[in-house]
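Chain letters run A, B, ... following the sequence lines, proteins first and then strands; every chain starts at 1.
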Protein chains: 2
Amino acid sequence: MSTVKITEEQLQLVEKLGLVFEGPGLQPAAARVAALLVVSDTLELTFDDIREILNLSKSATSNAINLLLNVHRIEYITKPGDRKRYFRSNLARWKNVMKEKFMDLEKTNSVLKEVVDQRTPATKEFNQSLEEMVSLMRFMNQQIPRLFKEWEKSKS
Amino acid sequence: MSTVKITEEQLQLVEKLGLVFEGPGLQPAAARVAALLVVSDTLELTFDDIREILNLSKSATSNAINLLLNVHRIEYITKPGDRKRYFRSNLARWKNVMKEKFMDLEKTNSVLKEVVDQRTPATKEFNQSLEEMVSLMRFMNQQIPRLFKEWEKSKS
DNA sequence: TTTTTGGTTCTGCAAATAGAGAACCAAAAA
DNA sequence: TTTTTGGTTCTCTATTTGCAGAACCAAAAA
């Protein structure tokens with residue numbers, strides 16, 4: 001029986017943030033675990049803390065945690081003389097997660113380029129619009145990393 | 001029986017682009033319809049063209065088309081003395097679709113702000129990292145519309 | 001050596017998604 | 001007035017997803 005407690009409002013916030021996380025491809029249970037580790041006053045929670053607070057089964061908890069570990073959204077520490085793992089949000093990696101999100105524009109872009117390259121020349125106007133899209137995406141992809149750097153600089 | 005034809009390679013490209021479209025929340029059939037209207041040499045396809053080329057049932061075709069119409073990914077024209085609707089990709093709206101994609105960073109951001117505002121002051125370092133994230137997102141949200149404008153200018 | 005702990009894996013089910021096929025329907029054509 | 005066209009809507013089914021519960025397991029503790 002874990003002693004870690006969480007308020008009703010915090011739980012609601014976990015739901016809310018969980019929904020946000022569900023958007024970009026996280027399944028419900030994993031999204032809530034990720035959210036919990038951002039909202040909770042106690043930053044490092046054990047398997048059972050998580051299970052009890054979120055009312056999940058062991059299997060769901062295990063799967064959610066391992067999924068989040070795999071994509072590096074969370075990490076864990078251990079404590080001497082304690083077999084448990086203490087999970088916490090991997091905030092340091094969030095910036096990369098954000099960058100990666102932007103980067104999949106590039107995937108879209110490359111497929112779109114393929115489409116442009118094989119279009120019939122007969123539809124000139126359409127092709128031009130499409131090329132414009134490709135060019136816009138490429139432009140954004142170039143500029144965004146620059147923005148990241150700019151921001152880094154501005155805060156130092 | 002429609003006369004519009006499409007090559008084997010184009011069909012494969014439809015699949016490929018369709019997968020890209022499935023990512024951001026389009027269901028398979030709709031994603032393929034959207035993709036087809038970008039790949040096809042003939043830019044304006046009828047209900048039955050689409051149905052036959054993609055081998056969909058009438059219901060699937062109808063639902064996919066209406067979904068895409070609702071989110072303005074496609075539009076249609078009519079021809080005098082012809083009851084059919086001719087569907088085509090709404091390229092003009094793509095830029096907006098892209099912008100909207102960026103904008104949902106803002107939703108994430110506002111929830112994250114809520115989280116920051118109610119965190120215990122005890123976890124100073126963590127809170128600072130979180131605030132940094134919020135600030136980074138805000139920064140990106142400010143800069144991105146500027147980038148759009150900059151690009152518009154650069155091509156004129 | 002047996003028991004407990006901290007999980008993982010397997011089995012199964014309930015709900016959600018996706019699409020087929022047929023029935024249906026209103027407007028236009030015959 | 002009847003038929004055809006261009007779809008829409010309803011019903012049903014296959015598949016996928018998401019999770020519970022129980023069985024299981026290796027390492028550590030007793």
Under 4.0 Å from OP1 or OP2 of D:dT8: is there any side-chain N or O of B:Ser62 that close?
yes

Is any side-chain N or O of B:Ser59 under 3.5 Å from a base N or O of C:dG19, one able to act as donor and the other as acceptor?
no

Can you tell me the distance, in whole Å, between the CG atom of B:Leu69 and the P atom of D:dG7?
11 Å

Got a salt bridge between B:Glu106 and B:Arg138, using NZ or NE/NH1/NH2 to carboxylate O under 4.0 Å?
no

Using atom types as modelled, flag every donor-acceptor pair under 3.5 Å from a side chain in residues 56-64 of chain A to any protein atom, sequence neighbours excluded.
residue : atom : partner : partner atom : Å
A:Ser57 : OG   : A:Ser59 : OG           : 3.2
A:Ser57 : OG   : A:Ala60 : N            : 3.1
A:Thr61 : OG1  : A:Ser57 : O            : 2.7
A:Asn63 : ND2  : A:Ser59 : O            : 3.2

Nucleotide nearest A:Lys58 (side chain, heavy atoms from C-beta), chosen from C:dG19, C:dT8, C:dG7
C:dG7

Please determine if a side-chain N or O atom of B:Arg85 lies less than 4.0 Å away from the OP1 or OP2 oxygen of D:dG7.
yes

Atom CZ of A:Arg51 to atom P of C:dG7: distance rounded to whole Å?
12 Å

Residue whose closest nucleotide on DNA chain D lies nearer the 5' end, A:Gly81 versus A:Thr61:
A:Thr61

Is any side-chain N or O of B:Asn66 closer than 4.0 Å to OP1 or OP2 of D:dT8?
yes

Please report, rounded to the nearest Å, how far the C1' atom of C:dA15 is from the CD atom of A:Gln27.
15 Å

note: A:Leu67, atom CG; C:dG7, atom C1'; distance rounded to Å ~ 17 Å

